[in-house]
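In what follows, a single structure is set out as structure tokens and then discussed.
Counting starts at 1 for both ligands and their atoms, in listed order.
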Amino acid sequence: MEIDSARVESSVWIGNKRYRALLSGWYFSWTEIDKRNREKKTISVPVSEVIGVKEGRVEIQTQKKVEDTDLDFTLFYVKRNSRGNGHGLSWSLGRTQFCCPSRGVRDQWITQLRTTLKTHSPSRPHRLLVFINPFGGKKMGKQIFHSLVAPLFELAGISSHVVVTERANQARDYILKKDLTGFDGVICVGGDGMFSELLHGMIGRTQQDAGVSEHDPTVMLQPCDLHIGIIPAGSTDCVCFATVGINDPVTSTLHIIIGDSQPLDVCSVHYQNTLVRYSVSMVGYGFYGDVLAESERHRWMGPLRYDYSGFMVYLCNRSYPGIVQYLPADSHISSPRDKTRCLSGCRVCSESKERLFPHFDSSSSLYSTSQCNSELEGEWVTIEGRFKCVSLTCMSSSCPRSPNGLSPSAHLADGTADLIMVRETNPLGFLTFLHRHTNKQDQFDLPFVEVHRVKAVRFSLPPGAIEEDEEEYEEEADREIQTSAERELEDPEKLCSGNIAGHSHQHLAGWKEKGSETSRLKGQGFVCGPCCTKPRLVSVWNCDGEILPHREISCRVHGQLVRLFARGIENSTMQ
Ligand SMILES: Nc1ncnc2c1ncn2[C@@H]1O[C@H](COP(=O)(O)OP(=O)(O)OP(=O)(O)O)[C@@H](O)[C@H]1O
Ligand SMILES: CCCCCCCCCCCCC/C=C/[C@@H](O)[C@H](CO)NC(=O)CCCCC
Ligand SMILES: [Ca+2]
């Protein structure tokens with residue numbers, strides 16, 4: 001074995017083939033040597049992607065030695081699979097068993113590899129706080145963690161404190177209140193709702209510790225120290241999909257183990273001077289708000305509830321009046337229609353760091369919060385009209401349903417969000433818009449769609465809209481309750497409850513009745529079908545899958561406020 005400060009080299013065997021193993025700089029590689037001493041294929045693994053080095057021949061799942069010999073060691077590392085179910089590549093655990101010429105050489109390899117791993121990967125986590133939602137998505141959270149994630153953490157020498165949640169918001173409250181000393185990151189096993197709990201916990205805790213008021217809409221929030229990891233086990237898994245390129249628990253676990261870091265923009269949503277929520281994915285009014293409200297009634301359907309509700313709300317063909325004001329971002333840097341994609345190592349995002357944190361003190365890792373906030377400077381633009389939907393997204397919001405997302409060219413960490421406004425249009429037009437989310441066609445290339453890259457947004461309703469809507473709706477609900485009570489006497493099974501757009505009311509599941517108000521309005525092509533009889537004036541806001549209790553809100557993007565154990569989407573040519 002040859003060892004000098006820059007490289008370690010020796011012969012090794014894999015099966016019955018001879019190889020030359022070499023550890024040099026950032027890479028460990030092994031090259032097959034044929035019988036005539038000619039070099040053949042080389043496999044090269046960056047040390048930063050080594051998961052573990054074990055003595056002997058070790059199996060992946062059981063981590064048991066199958067055959068104890070003094071000459072062997074097993075290397076575990078990240079292996080990229082040809083194509084996953086998503087946009088990015090799926091990762092799996094690669095394993096190669098090396099046989100060395102002597103025990104001394106074997107021990108040297110293990111020591112050298114482990115030492116290099118330590119020095120080359122200082123940001124790897126050692127201790128993690130893990131929250132499992134046992135009821136998220138297909139209710140597989142616990143099983144996913146114990147069968148796929150925990151064995152990999154053990155292999156990598158990561159210890160974890162696991163909390164299986166017993167109620168909503170338990171994870172958020174834990175992070176807000178408990179001692180987090182000693183943890184290098186916080187992990188959720190669940191969907192976007194679970195991620196949102198960690199996001200609120202982490203941001204809230206960081207501001208609490210820094211003495212910053214989250215309710216002040218103009219304040220510069222303190223970025224969070226602890227990384228967040230997502231093991232996807234939910235219905236949509238939008239945040240995982242958009243930051244990793246795929247929703248696969250093993251891929252995400254490997255990103256966590258190697259300590260990948262992906263900063264993420266966060267949008268704060270305020271109602272007057274009160275913080276309502278944070279969002280990283282979508283703040284959407286109109287169609288997406290209605291879909292969410294409708295889907296809450298069909299939770300029992302599991303992940304399918306969104307497809308069902310999407311279809312029902314589409315049939316309603318609603319549009320809503322509103323006044324949208326936005327603060328444009330610098331159009332010289334990027335635009336939502338520039339046809340670029342934010343990929344791993346994105347230039348736009350890395351160049352944004354200096355602009356976002358001009359007062360960052362790298363010696364203390366502290367961000368000055370007293371700076372004047374130039375991010376809020378600029379001319380506001382006002383747009384008034386009737387909209388099918390108004391959506392704001394800090395990132396592409398790609399998910400399995402829409403692999404390119406709500407805004408395919410949005411950036412994960414550039415301090416901006418994309419504002420998409422879809423004006424009132426006919427049902428076919430809106431279907432075309434929706435359908436383009438599922439293929440490569442440009443959903444913004446339609447005359448009734450507008451998209452802008454922005455730093456902040458304000459939404460308000462025309463004067464009196466809420467009151468008028470409520471009056472109309474009360475009347476309608478009364479009429480419906482009366483009619484349905486009559487109908488119930490005939491056929492009690494047809495009665496069901498509904499809360500489209502956040503208002504609880506009773507309505508009829510069967511709406512084929514003749515001569516009623518419903519069919520009269522439908523005959524005029526005025527409304528909808530299954531869920532209401534009159535056009536509504538107000539919808540609700542969907543904020544990363546949560547219904548907001550306010551309509552008139554203001555949103556502001558906080559660039560790179562949190563960091564995930566991820567690296568953005570790896571291009572398939574990036575092997
Ligand atoms: N033990 C629990 N019991 C009930 N609700 C919980 C529990 N733990 C977490 N929750 C809540 O369940 C909600 C949904 O969880 P999660 O995001 O994991 O699953 P999901 O099926 O993907 O849902 P969605 O994608 O619609 O938000 C979260 O908002 C979370 O606050
Ligand atoms: C004719 C074919 C029509 C197909 C239409 C597909 C359009 C899909 C667009 C993709 C939108 C993803 C927006 C992401 C929202 C998440 O932050 C949020 C939390 O998980 N999910 C929902 O609100 C759940 C509600 C999502 C509504 C789709
Ligand atoms: Ca962004």
Distance filter under 4.0 Å to [X] heavy atoms, resulting ligand 1 atoms:
| X | value |
| --- | --- |
| Gly190 | 18 (O) |
| Thr165 | 1 (N), 2 (C), 7 (C), 8 (N), 9 (C) |
| Gly191 | 16 (P), 17 (O), 18 (O), 19 (O), 22 (O) |
| Glu166 | 1 (N), 2 (C) |
| Asp192 | 17 (O) |

If you have a sec, work out which protein heavy atom is nearest [atom] and how many Å separate them, to one decimal?
| atom | answer |
| --- | --- |
| atom 22 (C) of ligand 2 | Asn542 ND2, 3.9 Å |
| atom 29 (O) of ligand 1 | Gly193 CA, 3.6 Å |
| atom 1 (C) of ligand 2 | Leu431 CD1, 3.8 Å |

Please report the closest heavy-atom contact between [X] and [Y], naming both atoms and the distance.
| X | Y | value |
| --- | --- | --- |
| Gln443 | Phe433 | O-CD1, 3.4 Å |
| Leu392 | Cys555 | CD2-CB, 3.6 Å |
| Leu356 | Ala413 | CD1-O, 4.2 Å |
| Cys394 | Ser279 | SG-O, 4.2 Å |

Within the 6.0 Å centroid threshold, strictly below: Tyr285 and Phe387: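 Tyr285 vs Phe387: aromatic centres not under 6.0 Å.
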Aromatic centroids of Phe430 and Phe287 separated by under 6.0 Å: yes
Report yes or no: does [X] have an N/O/S atom closer than 3.0 Å to the Ca ion (ligand 3)?
| X | answer |
| --- | --- |
| Cys349 | no |
| Asp265 | yes |
| Cys342 | no |
| Met395 | no |

Near [X], which atoms of ligand 2 are under 4.0 Å from a heavy atom of that residue?
| X | value |
| --- | --- |
| Tyr288 | 9 (C), 27 (C) |
| Asp544 | 17 (O), 18 (C), 19 (C) |
| Gly545 | 18 (C), 19 (C), 23 (O) |

Close approach of Phe131 to ligand 1, heavy atoms, under 4.0 angstrom: no
Gly137 touching ligand 1 at heavy-atom level, < 4.0 angstrom: yes
Thr236, Leu292, Asn133: member with heavy atom nearest to atom 9 (C) of ligand 1: Asn133
Nitrogen or oxygen of Met194 less than 3.5 angstrom from that of ligand 1: yes
Cut-off 3.5 Å, side chains only: do [X] and [Y] have a donor facing an acceptor?
| X | Y | answer |
| --- | --- | --- |
| Tyr308 | His298 | no |
| Asp414 | Ser352 | no |
| Asp290 | Ser539 | yes |
| Glu546 | Trp541 | no |

Expected output: side-chain Ser295 to main-chain Tyr306 donor-acceptor under 3.5 Å: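 Checked: no pair found.
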Per-atom contact, atom 26 (C) of ligand 2, protein heavy atoms, under 4.0 angstrom: no
Trp380 six-ring face occupied by Arg458 cation (under 6.0 Å, within 45°): yes
Face-on cation placement of Lys178 at Tyr174 ring, 6.0 Å and 45° thresholds: yes
Region of Phe135 engaging ligand 1 - heavy atom pairs below 4.0 Å: side chain
Contact partition for Arg305 relative to ligand 1, non-hydrogen atoms under 4.0 Å: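 Contact part for Arg305 vs ligand 1: side chain (C-beta onward).
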